[in-house]
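Here the structure comes first, spelled out in structure tokens, and everything after it is commentary.
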Amino acid sequence: MTAIPKPSKSAPPKSTTAPEYTAAPENTTAASAAAAGSAAPPPVASPAALHSAVIDWFGEHARDLPWRRPEAGAWGVMVSEFMLQQTPVARVLPVYEQWLARWPRPAGLAAEAPGEAVRAWGRLGYPRRALRLHGAAVAIAERHGGNVPRDHAKLLALPGVGEYTAAAVASFAYGGRHAVLDTNVRRVLARAVTGVQYPPTATTAAERRLARALLPEDDGTAARWAASTMELGALVCTARNPGCARCPIAARCAWRLAGSPPHDGPPRRGQTYAGTDRQVRGKLLAVLREATAPVPQRVLDAVWEEPVQRARALDGLVADGLVEPLADGSYRLPLSRAEPT
DNA sequence: TATCCGTGGGG
DNA sequence: TCCCCAAGGAT
């Protein structure tokens with residue numbers, strides 16, 4: 001364990017007109033940071049006060065979500081994290097409950113056909129996540145004795161587990177000390193610390209540095225901080241209409257102190273959907289999810305007019321292992337793991 | 001690094 | 001209505 005935040009006056013003289021505390025990035029000198037083309041994290045007047053303000057707020061306003069209850073266990077936390085990747089809490093709740101009731105442990109899911117996971121995934125979207133969660137369950141059963149690993153690196157090695165999910169599971173399920181950088185936390189830090197309305201499009205090294213620099217030293221406090229900042233971003237410091245009047249750190253928010261300047265730079269481009277392969281894939285898979293028997297080609301052909309795109313979408317689903325083609329030309333959700341192409 | 005990958009609710 | 005965006009990951 002390394003002591004992270006230490007008062008440092010070696011901050012680059014650049015343009016630091018703000019208060020005099022800069023959490024020292026681990027092993028990163030101002031020179032190396034400059035060499036890497038990135039500035040040191042913005043100064044934070046009093047990290048400890050920031051921590052307690054947000055954590056206290058969390059104590060009063062945290063939602064009672066099923067994956068936060070002790071009985072959820074690490075598997076419950078992991079399942080929730082997969083489902084919450086790009087999907088709102090309200091839509092996850094019912095599916096989560098059914099999922100945990102059916103597969104209370106990883107081994108149960110691992111014993112199923114992957115298609116069952118895809119079917120149970122329902123309309124949560126991005127069904128490859130269902131396949132990856134199934135794959136993670138298989139790996140947990142095979143490599144970890146059926147228990148969700150505690151170690152960040154082992155979590156990261158599981159299918160569908162990236163930097164965020166590994167940190168989230170290690171932190172929320174096991175109380176570990178990790179920088180949990182999701183879209184909510186990134187927005188909170190962008191505003192409260194960096195003083196801009198929105199974080200960059202893609203997560204930057206500077207953001208990771210900042211998150212690490214702000215991490216409380218104590219494991220339990222760090223885990224609490226992670227959950228608290230995430231909740232603050234989800235409930236108060238929202239993307240569109242931030243509820244600054246309800247915010248426990250509004251008075252120390254760099255963005256507010258700067259007069260809440262609007263986002264400058266290029267508009268953040270949204271995802272187009274209508275007419276894309278994704279829409280076609282969604283329609284095809286919806287048919288297959290509802291079907292109990294293999295679906296003939298002509299039934300699938302009915303979901304989309306344009307034959308080239310339709311075929312491409314179906315091929316893509318097969319390549320992804322979401323759909324299994326049968327010898328007679330019909331299709332179904334996969335009974336076995338996809339063959340590596 | 002930019003793109004792809006679903007689905008639906010709210011402003 | 002339209003548009004934004006919601007606890008990301010893989011390539």
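Every chain is numbered from 1 and lettered A, B, ... according to where its sequence line falls, protein lines coming before strand lines. All values below come from the heavy atoms of this structure, side chains included, with hydrogens, waters and symmetry mates left out.
- A residue-by-residue look at Ser80(A) and Val161(A) shows that Ser80(A) has its nearest nucleotide of DNA chain C further toward the 5' end.
- Every residue was checked against the salt bridge (charged side-chain N to carboxylate O under 4.0 Å, His left out) condition with Arg191(A), not counting sequence neighbours, and none meets it.
- No side-chain heavy atom of Tyr331(A) sits under 4.5 Å from any side-chain heavy atom of Leu326(A).
- Within the nucleic acid shown, Trp121(A) has no heavy atom closer than 4.0 Å to any nucleic acid atom.
- Residue Val185(A) is classed as having no contact, given no heavy-atom separation below 4.0 Å to the nucleic acid.
- Remark: Glu207(A) pairs with Arg186(A) by the salt bridge (charged side-chain N to carboxylate O under 4.0 Å, His left out) rule, at least two apart or across chains.
- For Arg252(A), the salt bridge (charged side-chain N to carboxylate O under 4.0 Å, His left out) test picks out no residue, with sequence neighbours left out.
- Applying the side-chain hydrogen bond (donor to acceptor under 3.5 Å, both in side chains) test to every pair with at least one member in residues 93-104 of chain A, sequence neighbours left out, gives these pairs: Arg102(A)-Glu116(A), Trp103(A)-Glu112(A).
- Taking 4.5 Å as the limit, every side-chain heavy atom of Pro159(A) sits out of range of all side-chain heavy atoms of Val138(A).
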* Any chance you could encode DNA chain C as dot-bracket? Rule is Watson-Crick or G-U wobble with both distances under 3.5 Å; [ ] for pairs crossing earlier ones, | for another strand. => .|||||.||||
* Using a 4.0 Å heavy-atom cut-off, write out nucleotides 5-11 of chain B from 5' to 3' as B (base contacted by protein), S (sugar-phosphate only) or - (no contact). => BBBSBBS
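- Every pair tested for salt bridge (Lys or Arg N to Asp or Glu O under 4.0 Å) that includes a residue from residues 147-170 of chain A fails, sequence neighbours excluded, so the list is empty.
- DNA chain B lies under 4.0 Å from no heavy atom of any residue of residues 303-312 of chain A.
- Residue pairs meeting the side-chain hydrogen bond (donor to acceptor under 3.5 Å, both in side chains) criterion with at least one member in residues 226-251 of chain A, sequence neighbours excluded, are Arg63(A)-Glu231(A), Arg68(A)-Glu231(A).
- With sequence neighbours left out, the salt bridge (charged side-chain N to carboxylate O under 4.0 Å, His left out) criterion links Arg208(A) to no other residue.
- Across all strands shown, Ala202(A) has no heavy atoms under 4.0 Å from either base or sugar-phosphate atoms.
- Where Leu158(A) and Arg68(A) each meet DNA chain C at their nearest nucleotide, the meeting point lying more 5' is that of Arg68(A).
- Taking the 5' to 3' direction, DNA chain C first and last meets chain A under 4.0 angstrom from a heavy atom at dC4(C) to dA10(C).
- Residues in residues 71-84 of chain A take part in these salt bridge (Lys or Arg N to Asp or Glu O under 4.0 Å) pairs, two or more places apart or across chains: Arg69(A)-Glu71(A).
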